[in-house]
Amino acid sequence: MIWAVLAGAFLLRVVPYFPSVFHEGHVDIADPDAAYHARRILQGAETFPILPLFDPDQNAPYGALSVWSPGYDWVMAGAARFVSFVGAG
C-alpha cells in the first residue's frame, strides 16, 4: 500500500513537468541549482563510486569544495551508472 502512495505522489510531482523539461529531443534545465546537480551527477556517474568533492569551476580561478551534501548526487550517479550498465547489454 505504501508503494502505491509513493508512486502516486511521485507521478503527481513529476509528470506535470515532463513537457517543460523533455522536449524536442533534449533536456532543458532552467534552474541553476538543478543544472549544477545534473553536472555533479554526470561527473559522479563517470567516476562512480567516487563523487568529486572539489569543483574547479566554482570560485574561479581557484576552485572550491562543494557546499552541498553529496548524498543526493551520489545516489543519482549510482542510479545513472546502473541504468547505463543495464542498457548497454
Side-chain angles (χ1 to χ4, degrees):
M1 179 68 180
I2 189 75
W3 290 109
V5 172
L6 291 174
F10 175 79
L11 291 174
L12 286 172
R13 177 79 175 163
V14 172
V15 170
Y17 296 101
F18 262 65
S20 63
V21 175
F22 302 102
H23 58 87
E24 299 178 10
H26 69 278
V27 177
D28 184 20
I29 301 175
D31 180 48
D33 285 342
Y36 184 73
H37 283 289
R39 188 168 75 74
R40 282 194 72 198
I41 291 166
L42 289 174
Q43 288 175 336
E46 292 174 356
T47 61
F48 193 79
I50 298 167
L51 181 68
L53 297 179
F54 182 80
D55 186 353
D57 294 332
Q58 279 188 351
N59 193 31
Y62 308 108
L65 292 174
S66 178
V67 297
W68 288 280
S69 173
Y72 170 76
D73 296 334
W74 187 80
V75 168
M76 294 306 292
R81 184 69 174 231
F82 177 76
V83 168
S84 69
F85 177 73
V86 170

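Scope of the values below: all heavy atoms of this structure, side chains included, with no hydrogens, waters or symmetry mates. We count residues from 1, following the sequence as given.
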How would you list, by chain and number, every residue that makes a side-chain contact (heavy atoms from CB on, under 4.5 Å) with [X], sequence neighbours excluded?
X: Phe10; value: Val14
X: Val5; value: none
X: Tyr62; value: Asn59

Point to revise | Heavy-atom pair with the smallest gap, counting every atom of Glu46 and Arg81 | key: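 Smallest heavy-atom distance, with atoms named: O-NH1, 3.4 Å.
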
Exercise for review: For Ala45 and Ala77, work out which heavy atoms get closest and say how close.
Suggested key: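 Here Ala45 and Ala77 meet closest at N-CB, 3.5 Å.
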
Practice item. Assign the ring pair His26 / His23 to parallel, tilted or perpendicular, where the plane angle (0 to 90°) is split at 30° and 60°. Key: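 Taking His23 first and then His26, their aromatic rings stand perpendicular (interplane angle over 60°).
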
Taking the side chain as C-beta and beyond, is there a heavy-atom pair between [X] and [Y] under 4.5 Å?
X: Phe54; Y: Ser66; value: no
X: Leu51; Y: Pro70; value: yes
X: Phe82; Y: Phe48; value: no

Exercise for review: Verify, without hydrogens or angle tests, whether Arg40 (side chain) and Asp73 (backbone) share a donor-acceptor contact under 3.5 angstrom.
Suggested key: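 Flag not set: sc Arg40 to bb Asp73 has no pair under 3.5 Å.
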
Review point. Taking Trp74 for the side chain and Pro49 for the main chain, is one N or O donor matched with an acceptor at less than 3.5 Å?
Key: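 Confirmed, Trp74 side chain pairs with Pro49 backbone.
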
Check your understanding: Which ILVMFWY residues can you reach from Met76 by hopping between side chains whose heavy atoms are under 4.5 Å apart?
Key ->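 Besides Met76, the cluster holds Ile41, Tyr72.
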
Check your understanding: Does Ile2 sit in a hydrophobic cluster with other residues, and if so which ones, taking ILVMFWY side chains as linked at heavy-atom separations under 4.5 Å, directly or through other members?
Key ->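 Trp3, Leu6, listed by chain and number.
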
Considering only distance and modelled atom types, tabulate donor-acceptor pairs under 3.5 Å from the side chains of residues 28-36, sequence neighbours left out.
| from | atom 1 | to | atom 2 | distance (Å) |
| --- | --- | --- | --- | --- |
| Asp31 | OD2 | Ala34 | N | 3.2 |
| Tyr36 | OH | Asp55 | OD2 | 2.9 |
| Tyr36 | OH | Gln58 | NE2 | 3.2 |

